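Every value quoted in this text rests on a predicted model; they were computed, and no experiment measured them. Both counts, for ligands and for their atoms, begin at 1 and track the order of listing.
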Amino acid sequence: MDLQKLLSGPLTRLNPRLAEWAYSILRRIPQVRRRLETEFDGLVSTLEEAVKPYRHNVPSYHRLPHEGVDRREVLQQLADLAAREQSPWKDGFVSGAVYHGDDEHIDFLGKAVDLHSQANPLHADLWPSATKFEAEIVAMTASLLGGSRADDEIVGTVTSGGTESILLAMKAYRDQASRHGTKHPEIVAPVTAHVAFDKAAHYFGMQLVRIPVDESFRADVPAATAAIGRNTVVVVGSAPAFPHGTIDPIEELSSLAADRGVGFHTDACLGGFVLPWAERLGRPVPAFDFRLPGVTSMSADTHKYGYASKGTSVVLYRGRELRRHQYFTAADWPGGLYISPTVAGSRPGSLSAACWAAMVSIGEDGYLDATARILDTAASIRSGIENMTELSILGDPLFVIAFGSETLDIYQVLARMNERGWSLTGLHRPPALHLAVTLRHTAEGVAKRFLSDLKAAVADVKAHPGRAGGVAPVYGMAATVPARTVVEELLERYVDLLYEV
Ligand SMILES: Cc1ncc(COP(=O)(O)O)c(C=O)c1O
């Protein structure tokens with residue numbers, strides 16, 4: 001009997017809470033525990049191949065070497081590993097992950113990192129250039145997203161990534177509301193909003209109230225209306241959301257939030273550096289930014305379609321008062337007066353230098369051109385998928401294309417695509433896959449290769465529907481086992497594995 005069968009039989013007939021409770025009892029029975037361990041080991045070992053390929057063929061260190069290894073040798077090891085990992089993303093086999101990736105651009109960013117490798121924005125007096133870069137990154141992003149220099153009211157900070165931008169915005173709303181006596185702050189967000197909102201709720205003692213999406217995967221406005229209560233501090237919408245690339249009805253949601261006197265956050269981590277250009281290119285882009293008066297904060301990732309190196313994002317606020325609730329200050333610490341705008345203390349100024357360099361060097365023309373290429377490629381991929389009768393597109397996507405199947409196990413398609421070198425994103429609830437189209441996919445022949453591989457993968461699954469493989473069983477389990485903690489336990493084991501030498 002496998003884990004899925006063990007848990008999904010009787011447990012599926014229970015509601016989720018009861019299923020969790022039943023699982024917590026079941027897992028304590030030694031026989032069940034042993035079976036669970038065996039199943040977990042089996043599932044984790046299917047993932048092990050992918051994430052631990054160097055165990056037996058590259059030097060590894062369990063402790064510091066007695067004598068330092070020669071720098072040339074260290075650099076050689078770094079170069080070898082980078083070379084081994086380059087092809088999948090460079091040749092456009094990967095969803096998202098590397099958004100630009102041209103050699104010249106990478107070299108240019110590397111030079112910027114080199115030149116500012118010692119900079120730390122925590123010491124603004126030592127590296128005023130770092131704060132110059134960050135102030136300008138924020139200003140350029142704000143002006144792109146509906147802020148205007150005349151009113152100077154859209155302000156923000158640079159963070160380490162989309163998750164940190166979201167965490168900080170949620171903390172700002174929590175702290176602002178606590179001044180007015182809200183003790184149990186709630187975030188209202190569609191089920192499709194990024195999981196970073198769950199993380200924020202978890203870290204900051206907030207409650208996340210998830211609302212459903214409609215058949216086109218956009219937030220259900222009547223459900224949002226019903227979900228806003230006296231503890232709500234912020235409503236969230238995505239432009240677009242990670243899973244299906246669909247843009248929530250930001251105009252309706254933000255005006256609803258304004259009417260009810262609460263904040264509204266547009267998560268434009270994915271779309272912040274695509275949608276403004278798409279709009280200028282004449283594509284149908286619904287309003288999503290600070291031009292809507294109800295939008296009080298936004299997140300936009302420079303390290304995605306802003307084409308910066310990994311490690312930067314921007315969080316923006318309407319007004320300095322809200323931004324101040326993000327800061328941390330300490331006036332009574334023996335180490336001196338301390339102020340830190342974001343989660344980390346010391347930060348890599350080199351990444352802000354590279355981000356600034358990317359934005360300034362690409363400029364409006366460069367972003368417009370990149371966006372046009374991405375949207376054209378995405379449109380051709382979308383229509384290619386629409387022509388495959390076994391697959392269907394979810395929602396109405398622009399550049400993140402999600403698709404599922406009524407007739408096939410889509411996770412088997414994922415596994416067959418993996419065998420052909422592709423790394424697509426598996427989604428669930430409902431089961432689907434997506435491809436976030438980047439500049440890597442705009443190279444000659446990549447979209448064509450994707451569609452022909454997908455066609456072959458679909459044919460393969462049709463011909464051999466029972467053949468498992470890859471992560472299909474893991475997604476299968478996540479979809480059918482009702483006790484969330486079972487799947488979470490598996491995910492924890494996966495992370496444990498990542499930290500094994
Ligand atoms: C819509 C959206 N929000 C937030 C994030 C989180 O960004 P990060 O992975 O940079 O923390 C992502 C990541 O893909 C995203 O797509």
With ring centroids as reference points, do [X] and [Y] lie under 6.0 angstrom apart?
| X | Y | result |
| --- | --- | --- |
| F450 | F93 | no |
| Y305 | Y99 | yes |
| F242 | H434 | yes |

Which protein heavy atom lies closest to [atom], and at what distance to 0.1 Å?
| atom | answer |
| --- | --- |
| atom 3 (N) of ligand 1 | D267 OD2, 2.6 Å |
| atom 12 (C) of ligand 1 | H194 CD2, 3.3 Å |
| atom 16 (O) of ligand 1 | L270 CG, 3.2 Å |

Side chain to side chain donor-acceptor pair (under 3.5 Å) assessment of S165 paired with T159: CA-CA 6 Å; S165 290; T159 73; 2.8 Å; yes
I'd like to check which ligand 1 atoms, numbered from 1 as shown, lie under 4.0 Å from a non-hydrogen atom of [X].
| X | value |
| --- | --- |
| D301 | 7 (O), 10 (O) |
| C269 | 2 (C), 3 (N), 4 (C) |
| F242 | 1 (C), 14 (O), 16 (O) |

Side chain, backbone, both or neither: which applies to T163 and ligand 1 if a contact is any heavy-atom pair less than 4.0 Å apart? both
Any sub-3.5 Å donor-acceptor pair from Q326's side-chain atoms to P341's backbone N or O? yes
Short question: side chain of R260, backbone of I228 - any donor-acceptor pair under 3.5 Å? yes
Among E164, K199, K304, which one puts a heavy atom closest to atom 8 (P) of ligand 1? K304
For S309 against H303, the heavy-atom pair lying closest together: O-CB, 3.3 Å
Proximity flag P240 to ligand 1, non-hydrogen atoms under 4.0 Å: yes
Within the structure, does I166 bring an N/O atom to less than 3.5 angstrom of an N/O atom in ligand 1? no
